[in-house]
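Fair warning: this is a prediction, and the values are worked out from it, not measured in the lab.
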Amino acid sequence: MTDPVAQEDLDAVAAQLGRAPRGVLAIAYRCPDGAPGVVKTAPKLPDGTPFPTLFYLTDPRLTAEASRQESGGVMKEMTERIAADPEIAAAYRRAHESYLAERDAIESLGTDFSGGGMPDRVKCLHVLIAHSLAKGPGVNLFGDEAVALAADAGLRGTAIPADWPTYAELRGQGE
């Protein structure tokens, strides 16, 4: 069991979202500048509504960047890589399984839906970025890449850790 989330963090998340947060179990990731960036949410909201999104992106800088990447076609290219490369598909399936295992350890929803389109496609970078920031690099390759793109776009050291790998490093292209 984790400690309750501090009211000041809940207030900060409410300000970020423009509404009261629901079902927050923890601040899963805090930006280098101290702002909450990702919350870990209960699989069922207080009213009993299933909420399969375990990690929820809250920082407006990160949500705006996720939206920018989505509108820029990043998801299409990632989904094509799943179909073309069995190793990438297997890594993405492992990210999905990790996500489900962590959520089911809190409370099973009786479904194998995780989020973000896992494991067959990339549907929501917000979920994948939240997952990667909450767990750190190495768990969700597409989330890691999207975080790296956000870092490379100017969020490194403010909303994203200064030491997050670059997109080129993650894609094996060096610097």
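- A salt bridge does not link Lys135 to Asp144: none of the charged side-chain nitrogens sits closer than 4.0 Å to a carboxylate oxygen.
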**Message:** Show, in sequence, the C-alpha distance, side-chain angles and deciding distance for Asp120 and His96, and conclude whether the side-chain contact (heavy atoms from CB on, under 4.5 Å) test is met.
**Reply:** CA-CA 9 Å; Asp120 302 316; His96 162 74; over 6 Å; no

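- Contact between Tyr56 and Arg19 at its shortest, heavy atoms only, is OH-NH2, 3.6 Å.
- Hydrophobic clustering of Ile, Leu, Val, Met, Phe, Trp and Tyr side chains at less than 4.5 Å, counting indirect connections, keeps Tyr29 apart from Val139.
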**Request:** Apply the test side-chain contact (heavy atoms from CB on, under 4.5 Å) to residues Val38 and Ile27: give CA-CA distance (whole Å), side-chain angles for both, the deciding distance (0.1 Å), then the verdict.
**Result:** CA-CA 6 Å; Val38 175; Ile27 302 299; over 6 Å; no

**Prompt:** Given the rule in the side-chain contact (heavy atoms from CB on, under 4.5 Å) test, do Leu57 and Val127 qualify, once you have shown the distances and angles that lead to the verdict?
**Reply:** CA-CA 7 Å; Leu57 201 59; Val127 170; over 6 Å; no

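- Contact record, Arg22 with Thr41: O-CG2, 3.6 Å, taken as the closest heavy-atom pair.
- In the hydrophobic clustering of this structure, Ile106 does not group with Val24; members are Ile, Leu, Val, Met, Phe, Trp, Tyr whose side-chain heavy atoms approach within less than 4.5 Å, directly or through other members.
- Under a 3.5 Å cut-off, the side chain of Thr53 and the backbone N or O of Phe55 do not form any donor-acceptor pair.
- One distance of note links CG of Asp104 with CD of Glu97; it measures 11.5 Å at 0.5 Å rounding.
- In this structure, CZ on Phe142 lies 5.0 Å from CD1 on Ile88, to the nearest 0.5 angstrom.
- Heavy atoms only, all atoms of each residue included: Tyr92 and Leu141 are closest at N-CD2, 3.9 Å.
- Side-chain atoms of Pro137 and Trp164, non-hydrogen and from C-beta on, do get closer than 4.5 Å to each other.
- Within a 6.0 Å radius of CD in Glu87, no more than 12 heavy atoms belonging to other residues, nucleotides or ligands are found.
- Hydrophobic clustering places Met75 together with Tyr167 (ILVMFWY residues linked when any side-chain heavy atoms are closer than 4.5 Å, directly or through intermediates).
- Looking at Lys123 and Glu70, no side-chain N of the basic residue comes within less than 4.0 Å of a carboxylate O on the acidic one, giving no salt bridge.
- With values rounded to the nearest 0.5 angstrom, Glu145 atom CD is found 11.0 Å from Thr166 atom OG1.
- Panel note: side chain Gln69, backbone Ala66; no donor-acceptor pair is recorded below 3.5 Å.
- Taking each heavy atom of Ala148 and Pro165 in turn, the nearest pair found is CB-O, 3.3 Å.
- Ser132 places no side-chain N or O within donor-acceptor distance of the main-chain N or O of Ile129, the cut-off being under 3.5 Å.
- Under the 4.5 Å side-chain contact rule for hydrophobic residues, Leu62 and Leu17 do not share a cluster.
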**Request:** Could you check Lys40 against Glu102 for side-chain contact (heavy atoms from CB on, under 4.5 Å), going step by step and ending with a plain yes or no?
**Result:** CA-CA 11 Å; Lys40 185 174 188 177; Glu102 188 165 350; 2.8 Å; yes

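- To the nearest 0.5 Å, atoms CZ (Arg61) and CD1 (Ile160) are separated by 9.0 Å.
- Salt bridge annotation for Glu65-Arg156: absent, with no cationic side-chain nitrogen under 4.0 angstrom from a carboxylate oxygen.
- There is no path of hydrophobic side-chain contacts, each under 4.5 Å, that joins Val5 to Leu133.
- The closest donor-acceptor contact from the side chain of Asp59 to the backbone of Gln16 lies at 3.5 Å or more, if one exists at all.
- Between Cys31 and Ala159, the shortest heavy-atom contact is SG-O, 3.5 Å.
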**Tyr99 and Arg103: CA distance, side-chain angles, deciding distance, side chain to side chain donor-acceptor pair (under 3.5 Å) verdict** = CA-CA 6 Å; Tyr99 195 100; Arg103 188 185 72 210; over 6 Å; no

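- Note that the CG atom of Leu25 and the CG atom of Leu54 stand 8.0 Å from one another [nearest 0.5 Å].
- For the pair Pro32 and Gly157, the tightest heavy-atom approach, listed with the atom from each and the gap, is CB-O, 3.5 Å.
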**Asked** Can Ser98 and His131 be said to form a side chain to side chain donor-acceptor pair (under 3.5 Å), step by step?
**Response** CA-CA 10 Å; Ser98 169; His131 188 208; 4.5 Å; no

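- Of the possible polar contacts, one joining the Thr79 side chain to the Val122 backbone as a donor-acceptor pair under 3.5 Å is found.
- We find the CG-OG distance between Leu109 and Ser114 to be 11.5 Å, quoted to the nearest 0.5 Å.
- Under the 3.5 Å distance criterion, the side-chain polar atoms of Thr63 are left unmatched by any main-chain donor or acceptor of Thr58.
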